[in-house]
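Below is one structure, written out as structure tokens, with a few remarks after it.
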Amino acid sequence: MDSLEHLNPQQRAAVTASAGPVLVLAGPGSGKTRVLTFRIGYLLSQLGVAPHHILAVTFTNKAAREMQSRVEKLLGHSLQGMWLGTFHAICARILRREQQYLPLDANFVIFDEDDQQALIKRALRDLNLDEKLYRPTSVHAAISNAKNNLILPEDYPTATYRDEVVARVYKRYQELLVSSNAVDFDDLLLYAWKLLNEFSTVREQYARRFEHILVDEFQDTNLAQYELVKLLASYHRNLFVVGDEDQSIYRWRGADYRNVLRFEEDFPDRQKILLEQNYRSTQRVLDAAQAVINRNRNRTPKRLKSTPEHGEGEKLVLYEAVDDYGEAAFVVDTIQQLVAGGKARPGDFAIMYRTNAQSRLLEEAFLRAGVPYRLVGAMRFYGRREVKDMIAYLRLVQNPADEASLGRVINVPPRGIGDKSQLALQMEAQRTGRSAGLILMELGREGKDSPHWQALGRNASLLADFGSLLGEWHRLKDEISLPSLFQRILNDLAYREYIDDNTEEGQSRWENVQELLRIAYEYEEKGLTAFLENLALVSDQDTLPENVEAPTLLTLHAAKGLEFPIVFITGLDDGLIPHNRSLDDPEAMAEERRLFYVGLTRAKKRVYLVRAAQRSTYGSFQDSIPSRFLKDIPADLIQQDGRGRRMGRSWQSESRRSWDDNYAGTWGSRPERAKPSHAPILQPRFKPGMRVKHPSWGEGLVVDSRIQDEDETVDIFFDSVGFKRVIASIANLEILS
DNA sequence: CCGATGAAACACTGG
DNA sequence: GTTTCATCGG
């Protein structure tokens, strides 16, 4: 490990820190991954720790793979026995090993978002609740939030009637999961924590084993993950966590950057190391990013410094397009020009956006220009119906109790089992206390001899046909290889004939199925359980094709941990960045700002800030105003790209006026915001007592209104969602009385 | 029970 | 612009 010479003093202090709790606060590009890999290498080679005594937690599987290969390269041998993976993957591993302590059997499956949603709906139906009144998404969010905060159904606080309802749904949902022999993502963490919390022998076993625990992206852990790590580290207390409060962007998923503060309270003897030296970006990029993030309160102030060889760097380029088509065209044009001029390679570029929906226009522009691109996002492939259906078949074979998968495929392709038959089957399952899948398999095996045959009447025969198929696959699953099983199912279903109707679309559907089959071949050795588990736990970043030289399209969230020479941040309009749904919540606004900061700090050399004066939502055009975060970047760090202004159109004069009069020269100095279409508001339009109507929240009562930043901020109590704070120019309020 | 058709709702981020 | 749901005739 003489390579320690190549680390800076802070990095070296972190890598060689003595035993005990260590907190590393690492700014973007400060060599965080390097510190983690060297730390593992140091533990293994200098302190003689055996790989099997180390646990390292990363944010994505991709990060885990990268870290593994980096350490192996550093040491020159393999890391057999070390535990390395995401929280969810590690918990799944623990749960499978300790399955006897759980209300599940070893074949349990992991439910994805759709399955969870379906199960919530089922629970609502079972409890006779109105889906209109109790939106499945919102109920599910409340339950997920509870789980992330280690709140069990019986402990769910019921301050209001609504809470009481949620508590009942939570309870029922959990029963349904257990009877499906399934867990959701949150259960992976919750069960693992419960297991270690309740069974001291199990806790001892793991806590003694893991002499050293390392956690990456610590700012994005939630309470369940934090408490779990504390239990795992309870014996040796060698807990090495690395994070950056400024890059915490998963609050909505339960992540709490205050875990950094908790860590300092819970481990007062912790060593604390600050990494501020940036090895990634030019100073201009860093100055812009810091100007943005410095507006957030409650953070550890940092002073990011670039290295001399990066130099000052170029100014950030700002481009305002007419509309979102122009925005996409600008991105593709710029890339083509830079590549054609030999200034950059296609793989140097990343195009970032706030919402996935924004990728469509960008993709179209790339396609039209004939420029290949790569898109980050699992949805693309795994979200396809035919892929989900095949996965559901495999899950059902693995775990016949899986109600969600059964419901999905019981009549796909159509085999005459409609709503009526399915309901009858469900009733029979409830009556006999067995799972629908087991009943089906018994019908298939025993036919008329089964006691269920009579009970199901004229539905029995078709159900039995399907049951015998299912039973046959289930029998084969431990005899033949995963790919053979997969092909057997395809054959038995005549699935190709079903989905491939010889249209272009049909062919692409079949290609998707074959791609899944190809992936199944990769799991020939590891088997069905591992295959399904990996499918459930792939992250967006994991789907990024490697070694492909093309621009990368991705959300700002997916950009975390990555870096690119040239970064486009698109959709820099109020309502997108910051997002509409965050405007009324200061904590959410702070997170939007961090998200922008994360995007900016991905760039090594150059940043393009792109917005559109108009964009299409739901099909119709709407005017938009520049992101309020733009004005926090000092003017001397920004240059405008003039191309947009020469495209003579009616918007031109207006855009120019808005820019020159309200914007240019005001960077960071005056707190003004551009107003393309109307003069600054001086008098409130809304007064307390008024009835108003909001496009999504419906009617409400104005409680208060005031002028802020030349716009009107209105506090409203809505009939449907309660108290909200809105910006009048954005909210599109209608005065009713 | 099935497939087609059109209306209606609809999308923030993701393991 | 896309997906999901409700309805209808076969």
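Naming: A, B, ... by sequence-line order, numbering from 1 per chain.
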Checklist entry - For A:Q422 and A:L537, take the nucleotide of DNA chain B holding the closest heavy atom to each; which residue's nucleotide lies nearer the 5' end? => result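 It is A:Q422, whose closest nucleotide lies nearer the 5' terminus.
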
Item to check | Residue met sooner reading DNA chain B from 5', once A:A558 and A:A357 are mapped to nucleotides | outcome: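 Nearest-nucleotide comparison on DNA chain B picks A:A357.
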
Would you say [X] places a side-chain N or O within less than 4.0 Å of OP1 or OP2 belonging to [N]?
X      : N      : result
A:R581 : B:dC12 : yes
A:N148 : B:dG15 : no
A:T555 : B:dG14 : yes
A:N580 : B:dC12 : no

Which nucleotide sits closest to the side chain of [X]: [options]?
X      : options                : result
A:F185 : C:dT2, B:dT13, B:dG15  : B:dG15
A:S539 : B:dT13, B:dG15, B:dC12 : B:dG15
A:H579 : B:dT13, B:dG15, B:dC12 : B:dC12
A:S421 : B:dC1, B:dG15, B:dG14  : B:dC1
A:W252 : B:dG15, B:dG14, B:dC12 : B:dG14

Between [atom2] of [N] and [atom1] of [X], the distance in whole Å:
X      : N      : atom1 : atom2 : answer
A:R615 : B:dC12 : CZ    : P     : 15 Å
A:D540 : B:dC12 : CG    : P     : 16 Å
A:K62  : B:dG14 : NZ    : P     : 15 Å
A:D114 : B:dG14 : CG    : C1'   : 12 Å
A:D220 : B:dT13 : CG    : P     : 16 Å
A:L95  : B:dG15 : CG    : C1'   : 15 Å
A:Q116 : B:dG14 : CD    : P     : 15 Å
A:I249 : B:dG14 : CD1   : P     : 9 Å

Using a cut-off of 4.0 Å on non-hydrogen atoms, how would the nucleic acid contact of [X] be classed: base, sugar-phosphate, or nothing?
X      : answer
A:S582 : nothing
A:D186 : base
A:F59  : nothing
A:E113 : base

What pairs with [X] under ring-ring contact (aromatic ring centres under 6.0 Å, His included), at least two apart in sequence or on another chain?
X      : value
A:Y134 : none
A:F59  : A:Y250
A:Y257 : none

Next on the checklist: Side chains of A:Q507 and A:E505: any donor to acceptor distance under 3.5 Å?
Outcome noted: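 Checked: A:E505/A:Q507 side chains show no N/O donor-acceptor pair below 3.5 Å.
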
Checklist entry - How does protein reach along nucleotides 2-10 of chain B, written 5' to 3' as B (base within reach of a heavy atom under 4.0 Å), S (only sugar-phosphate), or - (no contact)? => result SS------B

Against [X], only a single residue in [options] fulfils side-chain contact (heavy atoms from CB on, under 4.5 Å); can you say which?
X      : options                        : result
A:R611 : A:D573, A:D324, A:T570, A:I569 : A:D573
A:V57  : A:I90, A:V241, A:T221          : A:I90
A:F87  : A:V215, A:L188, A:T58          : A:V215
A:P578 : A:R354, A:R628, A:R593, A:E591 : A:R628

Next on the checklist: Suppose you measure atom P in C:dA6 against the same atom in B:dA11; what distance do you get, rounded to whole Å?
Outcome noted: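 Each nucleotide's P atom is 15 Å from the other's.
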
Checklist entry - Mind checking what makes salt bridge (charged side-chain N to carboxylate O under 4.0 Å, His left out) contact with A:R299, not counting sequence neighbours? => result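 In terms of salt bridge (charged side-chain N to carboxylate O under 4.0 Å, His left out), with neighbours along the sequence ignored, A:R299 is linked to A:D246.
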
Using nucleotides 5-10 of chain C, report all nitrogen or oxygen pairs with the protein that are shorter than 3.5 Å.
none

Next on the checklist: Donor-acceptor pair, distance only, cut-off 3.5 Å: does the side chain of A:D402 make one with the backbone of A:N181?
Outcome noted: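 Not at all, since once roles are kept as given, no pair shorter than 3.5 Å links the two residues.
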
Checklist entry - With a cut-off of under 6.0 Å to the ring centre and 45° to the axis, is A:R615 in cation-pi contact with A:F621? => result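 A:R615 over A:F621 ring: no.
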
